[in-house]
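What follows is a single structure, written as structure tokens, with notes after it.
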Amino acid sequence: MERIQGLHHVTVMASEPQANVDFYHRVLGQRLIKTTVNFDDPGTYHFYYADKVGTPGTVMTFFPWRGLKRGRVGNGETAAVAYNIPSGSIGYWRDRLQGYGVLTEQPFERWGSMVVPFADPDGLRLELVANDAPATIQHWAEGPVPEAHALRGFHGVTLNVTRAAATARVLDLMGYEMAGVDGNRTRFKGASNDIGLYIDLLERPGEAQGQLGAGTVHHIAFRTVDDSEQLEYLEKFSRAGLSVSPVRDRQYFHSIYFREPNGTLFEVATDAPGFLYDEPVETLGTALKLPSWYESQRAEISAALPKFEIPVVTTDA
Ligand code: ZN
């Protein structure tokens, strides 16, 4: 069995769909590559943002519920999502974000890389991590951010945990290796792939569990190469005493889910079939896509969803 290849996607709760699209597609320059609905609740959108084609490890997804109250970040939750940026792009990003009214906090150094923290419109903590490590992504050339400064996939995520050892055992099952300890932060590194490699555990005994709501992460998903390996992981997790869901068809990937011992929802998703499954690369994200089992209800589903516009973008000089 191959070690897990890193992060596949991160899924977050949001409030206003338009604010979400404006921020990720226009401000961060992450292409809206799929407009669909929550397969478990077709009254809600599911937006996917990524590089040009939806390379696993670049994909951030949102369930935007208009009017949803903010959640509270606590233990058993993802505390921050970090993207890679080139090391010379810190000034570009601080200026760009400020130009859109998004204030960044003072950059600081963590394990030799500068980190720029800020928040999305719902208060989700994001970090830009400056580093020039290889990042295999497909740049969205029609996007607003020139390639020299564009985000280069996920660096990783930080999870708030009560007991790091319990989550570390699950990461060990997936082939993650400990890569560093700094105070109450322990870093784990995934295999093979060059983006979405890091899981940091922030141990905070005695802190309250989080509360799901706008601006909090619903789950994080890890990459596995194919269906047969996913089944091997399903068995491995089950043997380790984790309660794992059956395989679910998410149209663009196949998924299994379980809660790790500190409470964060983990998913293991296949790379295939991918986001070009139901539309060509040129028009990704521009039309509402529904899985076959909802197609017969397209008119009703579409009418009930809030309207939004995909912002027109031009590339910065
Ligand atoms: Zn997912």
Side-chain angles (χ1 to χ4, degrees), residues 4-14 20 24 30-42 44-51 53-65 68 71 76-78 80-83 120 122 124 126 153-154 156-159 167 170-171 174 190 193 195-196 199 210 212-227 229-231 233-234 237 242-260 263-278 284-285 289-291 293-294:
I4 287 287
Q5 306 287 296
L7 290 170
H8 183 285
H9 65 270
V10 174
T11 294
V12 183
M13 318 276 285
N20 187 257
Y24 285 91
Q30 295 297 283
R31 185 183 186 192
L32 177 68
I33 55 148
K34 197 63 69 181
T35 302
T36 182
V37 294
N38 181 339
F39 288 6
D40 301 320
D41 168 18
T44 307
Y45 281 117
H46 195 180
F47 293 154
Y48 290 73
Y49 305 94
D51 68 353
V53 297
T55 303
T58 71
V59 184
M60 182 96 118
T61 97
F62 291 85
F63 297 129
W65 262 289
L68 182 69
E77 275 190 357
T78 301
V81 180
Y83 283 103
D120 89 349
D122 289 304
L124 174 70
L126 297 170
F154 293 132
V157 293
T158 299
L159 309 182
T167 305
V170 175
L171 294 174
M174 297 195 279
N193 182 30
I195 49 176
I199 307 287
L212 212 56
T216 64
V217 174
H218 187 271
H219 63 267
I220 61 172
F222 297 88
R223 291 178 75 172
T224 187
V225 288
D226 58 24
D227 293 309
E229 188 172 285
Q230 183 180 56
L231 287 175
Y233 270 110
L234 196 162
F237 295 139
L242 296 161
S243 177
V244 191
S245 77
V247 176
R248 303 241 165 86
D249 180 3
R250 297 314 192 190
Q251 195 94 331
Y252 312 107
F253 43 87
H254 305 142
S255 300
I256 57 173
Y257 301 85
F258 63 95
R259 235 169 245 290
E260 56 81 27
T264 306
L265 187 59
F266 279 10
E267 171 181 348
V268 174
T270 55
D271 280 3
F275 296 95
L276 302 178
Y277 176 78
D278 59 0
L284 275 176
K289 290 294 166 185
L290 297 174
W293 59 92
Y294 286 140

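Note that the structure is a prediction, hence the values are computed from the model and not measured. Start at 1 with the first residue, then count along the sequence. Whatever order the structure lists ligands and atoms in, that order sets their numbers, starting from 1.
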> Who are the side chain to side chain contact (heavy atoms under 4.5 Å, CB included) partners of Leu276, not counting sequence neighbours?
Replying inline: Val281, Leu284
>> Does Tyr83 form a ring-ring contact (aromatic ring centres under 6.0 Å, His included) with Phe154? I'd like the steps, not just the answer.
In response: CA-CA 4 Å; Tyr83 283 103; Phe154 293 132; 5.2 Å; yes
> With under 30° as parallel and over 60° as perpendicular, where do the rings of Phe62 and Tyr24 fit, or are they tilted in between?
Replying inline: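 Correct class here is tilted.
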> Can Thr167 and Glu260 be counted as having a side-chain donor-acceptor contact under 3.5 angstrom?
Replying inline: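 Side chains of Thr167 and Glu260: pair found under 3.5 Å.
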>> Given a threshold of 2.8 Å, state how many protein N/O/S atoms are nearer than that to the Zn ion (ligand 1).
In response: 3
> So which pairs with a foot in residues 264-277 pass salt bridge (Lys or Arg N to Asp or Glu O under 4.0 Å), sequence neighbours left out?
Replying inline: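 Sorted result for residues 264-277: Arg223-Asp271.
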> Can you name the salt bridge (charged side-chain N to carboxylate O under 4.0 Å, His left out) partners of Asp227, sequence neighbours left out?
Replying inline: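 Listed in chain order: nothing, the list is empty.
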